[in-house]
Asker: 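Have a look at this one before I ask anything.
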2 protein chains.
Amino acid sequence: MTPSQRADGTTGLDVVDLTTAIENFNRYYIRLPSVQQLSFTTLSVLDALVSGGPKRLTELVRTEQISQPGLTQLVTRLERDGLVERRPDPADGRAVLVHLTEAGRAVRQARQDDRERHLAPLIARLTPAEREAIASALPALTRLAELGAEAEAEARSRTER
Amino acid sequence: MTPSQRADGTTGLDVVDLTTAIENFNRYYIRLPSVQQLSFTTLSVLDALVSGGPKRLTELVRTEQISQPGLTQLVTRLERDGLVERRPDPADGRAVLVHLTEAGRAVRQARQDDRERHLAPLIARLTPAEREAIASALPALTRLAELGAEAEAEARSRTER
DNA sequence: CGCGATACATAAGGAGCTTATATATATCCG
DNA sequence: CGGATATATATAAGCTCCTTATGTATCGCG
């Protein structure tokens, strides 16, 4: 791992160190087998519905970073599998509200439990200092992701429409 | 975010906190647009070849967690695009050594630069404490990934052959 | 009302994975 | 040494999940 001292004198966080660590982690994490096998985007949509309630397709398109037809198809598959339901939006005849079903909620929870089963024993093998270091970084990582999402949204609003 | 105090009294790192943070980060990070669009696995293979030199298909299959035919096809696409070359292994007539080409090296570097361009301004907006927190966590995250890879390897060796 | 904008769906095509199976070379053992 | 078995890779068929291009219905506004 390269040192975190930057050439310009800034101390702290080197981008290459970050991306390297994240990618090494993801190489393991992304492929964590799940009982049901659901794509990254699928889970992301289920997460969005769990935390934010029913949403329009358009709304999901904005956050999920796939094309609108791609999302329509994803929702169609999810509906076929009984994980979500399409319901008309009473306020707008063009729109559709995507509702999570109980089965959808259960699937997401099952997969959460699954990850927990895999990761918990590994975390137990870390030193207390390592655990503390990761725990301390999570709020900052979350904020970094938020900043990234904002930047994306801005970039989109400048180029489109 | 739930508190990091576990019900069993263990302090430190809650699995749900970790997976939530990682997934929020990945939602942004994974989809970071790249000039060339390369799949996660593709980049992972290029990374492996950059850091470890030419490798057999079999060797890549072990680390990349995709099936052997899947990897053969991936290498075929990479070869078609001029990013790698297949060369015979002088020591084993059955084997193939996958070599990175200059173009392959350049593509990987371009994408590394790309991520740097995207992330650097975001990192600059974090507080010094946040940057420090993330930097301090990276070695632990790396170790967590290593433990995960080991566990996977063990699980495989128990079930297969 | 009619016209542009918006929300979603459909169609066609390609990437990238899977399992099952084939082929070539290596290795081991009597 | 020769044949059985194991190993390294390739091919085939099929599915998921994305893309772009385009179609259709509804909304809102002058």
Side-chain angles (χ1 to χ4, degrees), chain A residues 27 30-46 54-99 107 156-157 159-161, chain B residues 27 30-46 54-99 107 156-157 159-161:
Chain A
R27 185 150 25 231
I30 292 258
R31 307 201 193 285
L32 263 189
S34 186
V35 181
Q36 314 82 6
Q37 56 198 37
L38 304 169
S39 75
F40 181 75
T41 309
T42 301
L43 285 165
S44 186
V45 165
L46 293 182
K55 288 196 190 315
R56 290 181 168 206
L57 279 183
T58 311
E59 227 172 323
L60 290 171
V61 165
R62 265 195 295 275
T63 52
E64 297 306 324
Q65 308 214 32
I66 68 173
S67 67
Q68 175 266 311
L71 187 62
T72 289
Q73 292 167 11
L74 172 56
V75 169
T76 301
R77 286 192 302 272
L78 289 176
E79 198 169 31
R80 177 200 64 195
D81 296 345
L83 305 186
V84 303
E85 275 177 17
R86 266 185 248 245
R87 299 193 201 157
D89 183 342
D92 187 338
R94 300 165 299 178
V96 158
L97 288 177
V98 183
H99 286 252
V107 157
R156 258 200 308 281
S157 68
T159 49
E160 289 172 19
R161 70 207 65 246
Chain B
R27 182 150 28 228
I30 292 255
R31 307 200 193 285
L32 262 189
S34 187
V35 183
Q36 314 80 7
Q37 56 199 35
L38 304 168
S39 75
F40 181 76
T41 310
T42 301
L43 285 165
S44 186
V45 165
L46 293 182
K55 289 196 190 315
R56 291 180 166 205
L57 280 182
T58 312
E59 227 171 322
L60 290 170
V61 165
R62 265 194 296 273
T63 52
E64 298 304 326
Q65 310 215 30
I66 67 172
S67 67
Q68 175 267 312
L71 187 62
T72 289
Q73 293 166 11
L74 172 55
V75 168
T76 300
R77 285 192 302 271
L78 288 176
E79 198 169 29
R80 178 201 63 193
D81 296 345
L83 305 187
V84 304
E85 275 176 19
R86 267 183 249 246
R87 299 192 201 157
D89 183 342
D92 188 336
R94 300 166 299 178
V96 158
L97 288 177
V98 183
H99 286 252
V107 157
R156 259 200 307 281
S157 68
T159 48
E160 288 170 19
R161 66 208 66 249

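Quick caveat: nothing in here was measured; it's all calculated off a predicted structure. Order of the sequence lines fixes the chain letters, A, B, ..., with proteins taken first and strands second; residue numbering starts at 1 for each chain.
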Asker: How long is the straight-line distance from CG of Leu60(A) back to CD of Gln68(A), given to the nearest 0.5 Å?
Answerer: 11.5 Å

Asker: Quick one: do Thr41(A) and Leu71(A) satisfy side chain to side chain contact (heavy atoms under 4.5 Å, CB included)? Show the steps, please.
Answerer: CA-CA 9 Å; Thr41(A) 309; Leu71(A) 187 62; 5.6 Å; no

Asker: Measure from CG on Leu38(B) to P on dC17(C) and round the result to the nearest Å.
Answerer: 12 Å

Asker: Out of curiosity, Leu97(A) CG to Asp89(A) CG, how far, rounded to the nearest 0.5 Å?
Answerer: 4.0 Å

Asker: Measure the distance from CG on Asp89(A) to C1' on dC8(C) and round it to the nearest whole Å.
Answerer: 12 Å

Asker: Return each pair, listed once, that meets salt bridge (charged side-chain N to carboxylate O under 4.0 Å, His left out) where at least one residue sits in residues 68-85 of chain B; pairs must be two or more places apart or across chains.
Answerer: Glu79(B)-Arg86(B), Glu85(B)-Arg87(B)

Asker: My understanding is that only residues two or more places apart in sequence, or in another chain, count here; which of them pass side-chain hydrogen bond (donor to acceptor under 3.5 Å, both in side chains) with Glu59(A)?
Answerer: none

Asker: Going by modelled atom types, is there a donor-acceptor pair between the base of dT9(D) and the side chain of Gln73(B) at under 3.5 Å?
Answerer: no

Asker: Between C1' on dA15(C) and CD1 on Ile66(A), what's the gap in Å once rounded to a whole number?
Answerer: 15 Å

Asker: Are any of Thr72(B)'s side-chain N or O atoms less than 4.0 Å away from OP1 or OP2 of dA10(D)?
Answerer: yes

Asker: List the protein contact pattern of nucleotides 22-30 of chain D with one symbol per nucleotide (5' to 3'): B for base contact, S for sugar-phosphate-only contact, - for none; contact means a heavy-atom distance under 4.0 Å.
Answerer: ----BS---

Asker: Please round to the nearest 0.5 Å and tell me the distance separating atom CG of Leu78(B) and atom OG1 of Thr42(B).
Answerer: 5.5 Å

Asker: Rounding to a whole Å, what distance do you find between Leu74(A):CG and dC17(D):C1'?
Answerer: 9 Å

Asker: In whole angstrom, give the distance that lies between atom CD of Glu64(A) and atom P of dT19(D).
Answerer: 12 Å

Asker: In this structure, how many angstroms lie between the C1' atom of dT7(D) and the CZ atom of Arg56(B), rounded?
Answerer: 9 Å

Asker: Closest-nucleotide mapping onto DNA chain D: is Ser67(A) or Leu57(B) further toward the 5' terminus? I mean the 5' end.
Answerer: Leu57(B)

Asker: Which residue, Arg77(B) or Leu97(A), contacts DNA chain C at a nucleotide closer to its 5' end, judged by nearest heavy atom?
Answerer: Leu97(A)

Asker: Can you pull out the residues from residues 78-87 of chain A that lie within a 4.0 Å heavy-atom distance of DNA chain D?
Answerer: none

Asker: Can you tell me the distance, in whole Å, between the CZ atom of Arg62(B) and the C1' atom of dT7(D)?
Answerer: 11 Å

Asker: Please list, chain by chain and in numerical order, all residues satisfying side-chain contact (heavy atoms from CB on, under 4.5 Å) with Ser67(B), sequence neighbours excluded.
Answerer: Pro69(B)

Asker: Can you see if the side chain of Thr41(A) gets near the phosphate of dC18(D) - specifically, an N or O under 4.0 Å from OP1 or OP2?
Answerer: yes

Asker: Kindly write out the residues that satisfy side-chain contact (heavy atoms from CB on, under 4.5 Å) with Thr58(B), not counting sequence neighbours, or none if the list is empty.
Answerer: Arg62(B)

Asker: I want to check something: taking the side chain as every heavy atom from C-beta on, are Arg56(A) and Asp92(A) in contact at a cut-off of under 4.5 Å?
Answerer: yes

